[in-house]
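Notes to accompany the following structure.
Keep in mind the model is a prediction, meaning the values are calculated, not measured. Every heavy atom of this structure was used, including side-chain atoms; hydrogens, water molecules and symmetry mates were not.
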Amino acid sequence: MMLTRFVKKGSLLLVLSLVFVSSFFVGCSAEVQNSNSVYELYPTTNMYNFLKLNTSDGRITQVQYSINKDEDRFECSLNSLPMVDASQAQNGRFKLYPTQNIYTFLLLDTINGRTWQVQWSLDNKAVRGIVGEIK
């Protein structure tokens with residue numbers, strides 16, 4: 001009798017553990033971006049701003065949305081020149097990584113490992129774009 005109770009409790013614990021672990025992995029998979037996409041949106045810590053990356057050539061734009069004013073919606077280029085020649089462009093080549101500075105991201109070329117510091121801003125007069133390559 002005691003053995004069957006132990007087995008039932010053990011089975012219940014196993015099932016609950018599997019449900020918990022599988023729900024964790026389902027949540028994690030939603031974060032993975034599609035490497036075949038030409039464009040990907042990366043959230044910033046500012047709820048109204050995203051960075052839109054062309055994953056094939058490394059061009060980035062800042063995208064701002066608004067729930068109230070049309071004039072507050074915009075898209076501006078952070079780097080209008082491709083980071084590679086058109087012959088070397090391929091979807092998924094570039095990825096963005098946030099840093100602890102809310103206005104700074106790192107742009108990584110996943111093929112050759114080159115990395116650049118990228119700045120975005122809410123201030124039109126502030127520096128926006130590729131600040132420099134990290135060597």
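What you find for Leu53 and Leu96 is that their closest heavy atoms are CD2-N, 3.9 Å.
Side-chain contact check for Asp57 versus Met83: every heavy-atom pair is 4.5 Å or farther apart. Thr99 places none of its side-chain heavy atoms less than 4.5 Å from the side chain of Gln117. Counting heavy atoms from C-beta on, the side chains of Asn79 and Val118 never come closer than 4.5 Å. Phe94 places a side-chain heavy atom less than 4.5 Å from the side chain of Val84.
In this structure a side-chain-to-backbone donor-acceptor pair under 3.5 Å is present from Ser77 to Ser80. Judged purely by atom type and a 3.5 angstrom limit, Asp85 has no side-chain atom pairing as donor or acceptor with the backbone of Ser87. Between the side chain of Thr44 and the backbone N or O of Asn49, at least one donor-acceptor pair lies under 3.5 Å.
The distance from the CZ atom of Arg73 to the CG atom of Asn68 is 8.5 Å, given to the nearest 0.5 Å. A distance of 5.0 Å separates CD in Glu40 from NZ in Lys95, rounded to the nearest 0.5 Å. Here OH of Tyr65 is found 4.5 Å from CE of Met47. Values are rounded to the nearest 0.5 Å.
Under the side chain to side chain contact (heavy atoms under 4.5 Å, CB included) criterion, Arg114 pairs with Asp109, Asn112, Trp116, Glu133, not counting sequence neighbours. Partners of Glu75 under the side chain to side chain contact (heavy atoms under 4.5 Å, CB included) rule, at least two apart in sequence or in another chain, are Lys52, Thr61, Val63. Asn91 is linked by a side chain to side chain contact (heavy atoms under 4.5 Å, CB included) to Val38, Thr55, Ser56, counting only residues two or more places apart in sequence or in another chain.
Both Leu41 and Ile67 are part of a single hydrophobic cluster, where members link through side-chain heavy atoms under 4.5 Å apart.
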